[in-house]
Amino acid sequence: MPKVEYDPLPRAFYARDTVSVAKELLGKLLVRVIDEKIVLSGMIVETEAYTSDDPASHAFKGISKRNMVMFGDVGYAYVYFIYGNHYCFNAVAKDPSMSAGAVLVRALQPIDGIDFMQKVRVRGDDRITSGPGRLTRALFIGKEHNGIDLTVKGPLYIAYYANIDKEYIVATKRIGITKARDKPWRFIVKDNKYVSKR
DNA sequence: CTCTCGATGCACT
DNA sequence: GTGCATCGAGAGA
């Protein structure tokens with residue numbers, strides 16, 4: 001097992017309303033372990049909530065082969081391919097009364113394996129993990145991780161890391177969507193330079 | 001079957 | 001600020 005180890009969040013963490021989970025995932029650590037030895041990780045600094053009754057959500061029009069993970073048990077990864085180029089990483093989270101829900105992770109502050117991440121991206125700078133497409137590339141997250149359990153140590157999981165003070169959590173409108181743009185369901189860590197721009 | 005377009009990122013003006 | 005690469009899912013015929 002790798003030297004660097006963290007405690008995964010329990011499944012119960014994800015079994016609450018999606019918006020609350022999105023907020024509380026700030027400060028947690030997204031951990032990627034490659035070949036059981038290389039550890040890449042980043043502190044979550046930007047998230048967005050997507051629920052089943054939300055027109056902007058993939059789950060809005062019902063279950064399908066693509067979005068079925070969102071309708072399954074909480075604490076699993078929902079990874080999808082978009083714009084012909086990018087993967088986006090979500091954690092399935094919802095209140096037990098809801099049919100589906102997930103939290104999109106939009107930005108990370110790199111913690112472990114920064115050199116490794118930057119080796120691949122020649123133009124390594126602050127933007128290496130800033131943006132949903134960028135962070136999946138930096139952590140080598142792809143469709144093979146769709147449906148993976150995030151509550152156990154493995155190739156991909158989310159762990160306890162830091163507590164973000166309430167004063168440093170800011171809610172804003174979501175980014176890059178055309179429907180339900182008014183909902184304040186994007187959460188960012190105030191003044192963190194890794195939060196994506198726009 | 002064909003057509004549209006997206007929870008993006010990057011190059012360019 | 002604008003344009004676009006690139007492709008799979010979903011919608012419609």
Side-chain angles (χ1 to χ4, degrees), chain A residues 14 17-26 28 30 32 42 44-72 74-94 98-110 117-148 150 156 158 170-189 192-198:
Chain A
Y14 302 96
D17 81 275
T18 310
V19 175
S20 296
V21 174
K23 196 184 306 181
E24 292 179 34
L25 274 174
L26 296 179
K28 302 300 188 292
L30 180 59
R32 172 83 172 97
I44 297 171
V45 297
E46 178 179 354
T47 61
E48 284 179 359
Y50 289 89
T51 64
S52 48
D53 56 0
D54 165 18
S57 170
H58 292 166
F60 185 64
K61 291 177 180 173
I63 193 167
S64 69
K65 188 173 181 180
R66 177 209 206 184
N67 67 18
M68 58 188 296
V69 177
M70 287 183 76
F71 289 81
V74 298
Y76 289 82
Y78 170 45
V79 180
Y80 65 88
F81 186 61
I82 188 98
Y83 291 118
N85 290 309
H86 312 289
Y87 289 98
C88 291
F89 168 81
N90 300 250
V92 175
K94 69 204 180 200
M98 300 291 285
S99 63
V103 176
L104 171 69
V105 176
R106 291 190 55 90
L108 304 172
Q109 175 178 323
M117 296 181 206
Q118 292 188 329
K119 208 182 298 176
V120 181
R121 300 243 117 346
V122 180
R123 320 169 27 137
D125 57 359
D126 294 353
R127 299 171 356 184
I128 185 91
T129 53
S130 173
R134 292 200 188 117
L135 73 88
T136 52
R137 195 167 287 270
L139 268 59
F140 298 87
I141 295 171
K143 64 182 178 213
E144 68 271 25
H145 300 108
N146 190 39
I148 205 168
L150 298 170
L156 188 64
I158 300 177
V170 179
T172 77
K173 292 177 183 178
R174 293 175 295 182
I175 286 178
I177 55 173
T178 55
K179 300 164 192 162
R181 303 177 78 157
D182 52 313
K183 293 180 190 292
W185 285 0
R186 171 174 177 253
F187 300 96
I188 63 177
V189 175
N192 186 289
K193 69 176 179 177
Y194 294 98
V195 171
S196 70
K197 315 280 186 278
R198 201 171 297 194

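Proteins come first, then strands; the chains are lettered A, B, ... in the order of their sequence lines, and each starts at number 1.
Across the protein-nucleic acid pair, A:Y194 atom OH and B:dG9 atom P stand 16 Å apart, rounded to whole Å. The CD1 atom of A:I63 sits 15 Å away from the C1' atom of C:dA9 (whole-angstrom rounding). Separating the CZ atom of A:R106 from the C1' atom of B:dG6 is a distance of 13 Å, rounded to the nearest angstrom. A:R66 places its CZ atom 11 Å from the P atom of C:dA11, with the value rounded to the nearest Å. Residue A:F81 contributes atom CZ, which lies 16 Å from atom P of B:dG6 at whole-angstrom precision. Between the C1' atom of B:dA7 and the CZ atom of A:F187 lies a distance of 15 Å, rounded to the nearest Å. Computed from coordinates, the A:W185 CH2 to B:dA7 C1' distance equals 14 Å when rounded to whole Å. At whole-Å resolution of the value, CG in A:N85 and P in B:dA11 are 12 Å apart.
If you check every strand for non-hydrogen atoms under 4.0 Å, A:L104 touches a base.
Without hydrogens or angle criteria, A:N146 side chain to A:V79 main chain gives a donor-acceptor distance under 3.5 Å. With hydrogens and angles ignored, the 3.5 Å screen pairs no side-chain donor or acceptor of A:K94 with any backbone N or O of A:V74. With hydrogens and angles disregarded, a donor-acceptor distance shorter than 3.5 Å links the side chain of A:N67 to the backbone of A:G62.
DNA chain B contains the following stems of three or more consecutive Watson-Crick or G-U pairs, with both distances under 3.5 Å: B:1-6 with C:7-12, B:8-12 with C:1-5.
Of the residues in residues 47-55 of chain A, those placing a heavy atom less than 4.0 Å from an atom of DNA chain B are A:Y50, in numerical order. For residues 129-137 of chain A, proximity to DNA chain B is found at A:G131, A:P132, A:G133, A:R134, defined as any non-hydrogen atom under 4.0 angstrom from a strand atom.
Considering only side-chain atoms of A:R127, the nucleotide from B:dT8, C:dC7, B:dC10 that sits closest is B:dC10. Looking at the side chain of A:H86, the nearest of the listed nucleotides B:dT8, C:dC7, B:dC10 is B:dT8.
Checked against the 6.0 Å centroid criterion, the rings of A:H58 and A:Y80 qualify as a close aromatic pair.
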(message) For a side chain to side chain donor-acceptor pair (under 3.5 Å) check, start with the C-alpha distance between A:R134 and A:T129, then their side-chain angles and the critical distance, and finish with the verdict.
(response) CA-CA 5 Å; A:R134 292 200 188 117; A:T129 53; over 6 Å; no

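Residues A:E46 and A:V189 form no side-chain contact, since every pair of their non-hydrogen atoms from C-beta on lies 4.5 Å or further apart.
In terms of the side-chain hydrogen bond (donor to acceptor under 3.5 Å, both in side chains) criterion, A:T47 has no residue partners (sequence neighbours excluded). Residues meeting the side-chain hydrogen bond (donor to acceptor under 3.5 Å, both in side chains) test with A:D17, sequence neighbours left out: A:S20. Scored by the side-chain hydrogen bond (donor to acceptor under 3.5 Å, both in side chains) test, A:N85 finds no partners at all (sequence neighbours excluded).
For the pair A:R66 and A:F81, the cation does not sit on the ring face, since its NZ or CZ is not both under 6.0 Å from the ring centre and inside 45° of the axis.
Rounding to the nearest 0.5 Å places CD1 of A:I177 at 9.5 Å from NZ of A:K183.
Ionic pairing of A:R174 and A:D54 is present here: one or more N-O contacts between side-chain nitrogen and carboxylate oxygen are shorter than 4.0 angstrom.
At a cut-off of 3.5 angstrom, the base of B:dA7 holds at least one donor-acceptor pair with the side chain of A:Y80. Not a single donor-acceptor pair, N or O on each side, falls under 3.5 Å between the base of C:dA9 and the side chain of A:H58.
Between A:T178 and A:S196, the residue anchored nearer the 5' end of DNA chain B, judged by the nucleotide with its closest heavy atom, is A:T178.
A close approach under 4.0 Å does occur between a side-chain nitrogen or oxygen of A:S64 and OP1 or OP2 of C:dG10.
Taking atom C1' in both B:dA7 and C:dG1, one finds a spacing of 23 Å when rounded to whole Å.
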